[in-house]
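Order of the sequence lines sets the chain letters (A, B, ...), proteins ahead of strands, with each chain counted from 1.
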2 protein chains.
Amino acid sequence: MGEETRTRIKRIAAEIGFRPNALARGLLSRRSFTIGLLTNDTYGRFTLPLMAGVSEALVDRGVSVFLCAIEDDPALARVHVEAMLDKQVDGIIATGKRTDRALPVDLSDLPVPVVYAFTAGPPNSITYASDDAHGAELAVTHLMALGRKRLAHITGPDAFIAALERASAFRRLAGSDAPVLHGQWTESWGREAILDLWKSGERPDGIFCGNDMIARGVIDGLRELGVSVPGEVSVVGFDNWEIVAAQSRPPLTTVDMNLKELGRQAGLTVLALGEGEKLEPGWRKLPCTLLVRGSCGGAANDR
Amino acid sequence: MGEETRTRIKRIAAEIGFRPNALARGLLSRRSFTIGLLTNDTYGRFTLPLMAGVSEALVDRGVSVFLCAIEDDPALARVHVEAMLDKQVDGIIATGKRTDRALPVDLSDLPVPVVYAFTAGPPNSITYASDDAHGAELAVTHLMALGRKRLAHITGPDAFIAALERASAFRRLAGSDAPVLHGQWTESWGREAILDLWKSGERPDGIFCGNDMIARGVIDGLRELGVSVPGEVSVVGFDNWEIVAAQSRPPLTTVDMNLKELGRQAGLTVLALGEGEKLEPGWRKLPCTLLVRGSCGGAANDR
DNA sequence: TTGAAAGCGATACCAT
DNA sequence: ATGGTATCGCTTTCAA
């Protein structure tokens with residue numbers, strides 16, 4: 001085609017506001033430039049950052065994302081999946097709130113590629129998650145670099161693999177006799193655990209918490225006991241849940257799981273799969289990042 | 001068509017797993033059974049419940065929802081809107097984090113209907129919001145019914161219309177000399193305000209807070225002053241942000257804005273508009289609900 | 001280089 | 001009751 005013709009056509013197209021109909025082109029190309037994100041995470045704690053990453057990675061390529069919240073309801077999940085398949089989505093990303101549970105719907109025989117992110121997938125699927133052991137290492141080495149010697153780990157139920165992985169990484173670095181306390185993922189458990197520890201006479205000077213809510217409870221509990229954070233005790237959280245971490249007193253140093261990046265990669269992967277690329281199945285664990293705020297003290301805090 | 005033919009066809013259709021292609025039928029019917037939800041609310045505090053309502057109302061009708069997070073970026077917003085229009089969405093719901101600001105994108109001349117929910121729309125648009133004055137009335141009458149006489153209102157910046165409307169409803173019921181303190185929407189402002197009030201000798205026995213974060217700060221501040229909640233002072237929040245309200249000590253009695261219902265209605269409305277129904281433009285304010293937990297005490301708390 | 005025609009999958013309408 | 005055909009908007013292919 002001639003250069004001038006090309007520009008002329010483009011000009012006219014712009015003039016009359018021509019807008020190619022994606023439905024029509026999808027009909028022919030057998031691609032809808034649409035993917036689905038299925039989630040059972042009601043609070044959006046994990047889904048939103050993940051979704052932001054997916055969307056950010058795909059919007060340039062003209063791909064839009066259906067968000068389907070299924071609330072652990074298998075029937076609802078089916079309805080959403082059917083609706084998405086009808087609409088010829090190019091792929092589906094399944095996400096949840098914990099990596100050791102699957103969504104209440106079987107996605108293994110769909111005519112479109114499925115990628116799992118922060119939720120369990122069937123064998124031979126591609127599953128993204130953050131590297132819990134790595135996150136725990138970041139936290140513990142940070143505490144140790146600050147000179148903390150007596151470390152403790154206060155975390156969620158031992159029914160969560162994430163809790164177990166963080167705990168075993170903690171023990172590996174902090175010593176196998178360092179206390180690990182399993183409870184709930186709540187503030188009140190954090191407070192309770194601190195009271196127990198202090199009552200028992202065991203008084204760690206560095207505490208690694210399984211999530212930010214627990215960490216917040218720990219910090220509150222310590223304050224109520226008159227123990228200074230970060231003066232006497234350093235506290236590290238996990239999740240970097242802004243709303244909790246930034247509002248605690250002092251603001252929480254915490255491990256960020258880089259969910260947005262996880263979302264980016266999951267998005268690109270599901271597209272690649274849709275374009276016929278063959279990719280290695282299995283777990284893909286992404287590194288975490290330590291976000292330093294004020295709850296640990298030390299040089300790292302002086303900036 | 002004959003009854004037997006009908007069943008025979010249906011059987012065969014099920015057998016071969018026939019699945020009508022929504023792209024093809026959309027091409028002809030000029031409906032995609034797809035709508036877009038545009039939001040600049042990063043935390044999802046407002047968007048997620050709203051989205052849940054939209055989705056719940058529309059999934060039965062076979063409509064799926066594109067979620068587009070635009071982060072206050074006009075260029076990104078345009079890209080998302082273009083992508084949705086290309087995909088022939090049947091309508092768009094614009095949502096945000098405050099009702100007195102518009103999204104950074106002009107949605108007024110789109111070829112599809114637009115409904116605004118929890119964000120400002122242009123004149124003559126349909127805009128859903130919760131009724132702030134009503135919410136404030138619920139809170140104040142609850143406090144008064146419990147016998148609280150000296151009320152105060154601690155809330156966010158007076159640049160927010162929502163804050164002003166709640167404040168003026170508060171004054172109307174509690175008396176024009178009842179103190180109203182404007183600050184930030186944060187816990188630390190809640191604590192600070194309490195310290196100020198107590199230092200000044202002004203000691204209300206009922207406090208209505210502009211949101212749950214402030215309320216949580218207020219409760220913490222009171223505890224640190226040795227003032228019992230709900231024994232000496234009753235506290236009501238606003239938002240029913242589960243994660244804040246349920247974790248505070250005591251759990252927070254708070255006003256729920258019924259965002260899910262708001263989402264339901266916005267979803268049904270945008271569909272109706274798409275089907276050519278003529279609807280009255282203007283604000284549509286939905287009533288709030290009071291959610292009683294433990295921060296007010298009294299009979300209402302005995303159940 | 002340009003123009004015409006076939007076809008994607010479903011539907012609506014018209015003949016049989 | 002059935003079969004055939006035009007159509008939606010675009011892409012691809014083939015002819016001119």
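For the side chain to side chain donor-acceptor pair (under 3.5 Å) condition, the pairs that include at least one residue of residues 108-124 of chain A, sequence neighbours left out, are A:Asp106-A:Ser108. Every pair passing ring-ring contact (aromatic ring centres under 6.0 Å, His included) that includes a residue from residues 46-85 of chain B is listed here, sequence neighbours excluded: A:Phe66-B:Phe66, B:Phe46-B:Phe118.
For the pair B:Lys87 NZ and D:dC8 C1', the interatomic distance rounds to 19 Å; values are reported in whole Å. One can place CG of A:Leu27 at 14 Å from P of C:dG7, the figure rounded to the nearest angstrom.
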Please list, one pair per line, the donor and acceptor atoms closer than 3.5 Å that link side chains of residues 261-275 of chain B to other protein atoms, with sequence neighbours excluded.
residue: B:Glu261; atom: OE2; partner: B:Gln265; partner atom: NE2; Å: 2.9
residue: B:Thr269; atom: OG1; partner: B:Tyr128; partner atom: OH; Å: 2.6
residue: B:Thr269; atom: OG1; partner: B:Gln265; partner atom: O; Å: 2.7
residue: B:Glu275; atom: OE2; partner: B:Arg31; partner atom: NH1; Å: 3.3

Distances under 3.5 Å between nitrogen or oxygen atoms of protein and nucleotides 10-16 of chain C:
residue: C:dA10; atom: OP1; partner: B:Arg19; partner atom: O; Å: 3.4
residue: C:dA10; atom: OP1; partner: B:Asn21; partner atom: N; Å: 2.8
residue: C:dT11; atom: OP1; partner: B:Arg25; partner atom: NE; Å: 3.2
residue: C:dT11; atom: OP1; partner: B:Arg25; partner atom: NH2; Å: 2.8

Expected rows: protein N/O vs nucleotides 14-16 of chain D N/O, under 3.5 Å:
none

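When only modelled atom types and interatomic distance are considered, B:Asn240 and B:Thr254 share no side-chain donor-acceptor pair under 3.5 Å.
Under the side chain to side chain contact (heavy atoms under 4.5 Å, CB included) criterion, B:Ala162 pairs with B:Asp132, B:Arg166, sequence neighbours left out. Considering only residues two or more places apart in sequence or on other chains, B:Ala83 meets the side chain to side chain contact (heavy atoms under 4.5 Å, CB included) condition with A:Ser64, B:Lys87. A:Ala120 meets the side chain to side chain contact (heavy atoms under 4.5 Å, CB included) test with A:Ala102; sequence neighbours excluded. Not counting sequence neighbours, the partners of A:Pro20 by the side chain to side chain contact (heavy atoms under 4.5 Å, CB included) test are A:Phe18, A:Arg25.
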